[in-house]
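One structure below.
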Amino acid sequence: MRYVDEYRDADKARALAARIAQLCEPGRQYKFMEVCGGHTHTIYKHGIEDYLPEAITLVHGPGCPVCVIPMGRVDDAIHLAEQSSVIMASFGDMMRVPGGSRSFLDAKAAGCDIRMVYSPLDALKLARQNPDRRVVFMAIGFETTAPSTAMTVLRAARDGLTNFSVFSNHVTIIPAIKAILDSPDLRLDGFLGPGHVSTVIGCTPYDFIAAQHAKPLVVAGFEPLDILQSIYQLMVQLSEGRSEIENQYSRVVAWAGNAKALSVLTEVFELRPQFEWRGLGFISHSALQVREKYAAFDAERLFELPGVRVADPKACQCGEVLKGVLKPWECKVFGTACTPETPIGTCMVSPEGACAAYYNFGRFSRERLQQAGSPLAVISR
Amino acid sequence: MCLGIPGQVLELMTEHPDLARVDVSGVRRVINIGLLDEENIQIGDWILIHVGFALSKIDETEAKAALQFLEDIGDAYADELMALQSSAILDEQQAEVPDAVRG
Ligand code: SF4
């Protein structure tokens, strides 16, 4: 949109950075988690860390939906794709995600009918065009994406389609944030809240972070200045001894979220008792399954699935990366055995994954500059 | 895939009230606006699009307010920035970092 360039203005970025630096208490270290993979992407792409004082560290959170899909679910999806009657429809991001032995891309090369789609509605169209086949939509994503899947299921129900179903791997953000707050490994000073998830759920579900954990959260937009401004708001709160939920991204996110999106979401989906997150393990009530009422569109009810749990590969440290305990380059296989072309872990697959973002844009990062002895690493504080 | 992209509504499809034609950086596409029933979407409105659905209406007033905030900060620090810019060691930063920011 027409504002985009203004949200990337380097002078404004420096002015904000100067303000942020002024708010740092001498000797204090600050650690903020950006929950959403979209933020991770912007942070690396635009070298945001180079603008920040040394006292502030950004750690990457679990908010990349592709990154958290466990291997067993990928295997189940490939099992579905192997049925000769099935056309598997998936977002492009899923194609390289490794399962226990194969990815969608491998399965496709081996003859499975797997199609890349931009929208669940494209999958619905495939079902209409192929009445003799069964189209399964590989549904992934947080609350940003789940309402779109729900709308598509409602549409399929209204049109009486009998050859469309979804394999739901939708996850919910709040339990993941809870899991991170409860994990002893990490001491955080505040959160950059996920901008687009919040368009749906609004800002009130984050209240517990301020109320029970006494930490501030600022819902942030995705432009470089959005992120800097959100960090500034976090710093202001900390300097005033406040911990509140604030909305920096109010041009897009309504405080109450999107009621219609939430209502279609609860019409079609319900919480699963348990769901495994790659790297984070089982988290209760953290994922969505299709309600009984829409059983005719639920691939898990229509097909037999192996449902075998596969342990993450030993070399993979995605769990630590997803919890923000490790930086991507601290993983032993980063950039060597694990690259975007040959990912071992999921964080390397999606452009929103911390490892892929760092691999693609890491040349701007403070640590690299430091290692290279660049003067920029010093003066940009 | 979690990212949304802003688009502007060009046309409302009268026969399909849940569809609209939008312009996304010059690309025209039909998308579903059924999740914004209560927003009474009009031609010219800006919306955030994600996987073929409009998720939220973008509030221009709020966008302007946010920019105003940034402008104000800019003013307050203009002098400091001038000093920053006249400093020799910062030439490199001037040369390098803005590019990084503009991507
Ligand atoms: S480098 Fe690869 S294996 Fe290591 S944490 Fe990142 S994605 Fe996982």
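In what follows, every chain begins at residue 1, and chains take the letters A, B, ... in the order their sequences are listed.
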inquiry  = I'd like to know which of V200(A), L121(A), D122(A) tops the heavy-atom pair count under 4.5 Å against chain B.
reply    = L121(A)
task = Assess whether side chain to side chain contact (heavy atoms under 4.5 Å, CB included) is satisfied between T145(A) and F53(B), documenting all intermediate values.
result = CA-CA 9 Å; T145(A) 323; F53(B) 289 80; over 6 Å; no
ask   = Roughly how far, to the nearest 0.5 Å, is OH of Y118(A) from NE2 of H50(B)?
value = 8.0 Å
key: Euclidean distance, I31(B) CD1 relative to S119(A) OG, rounded to 0.5 Å   = 9.5 Å
inquiry  = Please classify the contact of V252(A) with chain B as side chain, backbone, both or neither, using a heavy-atom distance under 4.5 Å.
reply    =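 Both parts, backbone and side chain.
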R128(A) atom CZ: more than 12 heavy-atom contacts under 6.0 Å =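 Correct, the count exceeds 12.
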message = Looking at D37(B) and K260(A), is any side-chain nitrogen of the basic one under 4.0 Å from a carboxylate oxygen of the acidic one?
response =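 Salt bridge between K260(A) and D37(B), a charged N being under 4.0 Å from a carboxylate O: yes.
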query = D18(B) versus chain A, heavy atoms under 4.5 Å apart: side chain, backbone, both or neither?
reply = side chain
ask   = By a 4.5 Å heavy-atom criterion (distance strictly below it), what part of L48(B) contacts chain A: side chain, backbone, both, or neither?
value =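 The side chain, not the backbone.
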task = Verify, without hydrogens or angle tests, whether N258(A) (side chain) and L55(B) (backbone) share a donor-acceptor contact under 3.5 angstrom.
result =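 Checking the backbone N and O of L55(B) against the side chain of N258(A), a donor-acceptor pair under 3.5 Å is found.
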request  = Of all the heavy-atom pairs spanning P120(A) and V51(B), show the shortest one and how long it is.
outcome  =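 That would be CD-O, 3.7 Å.
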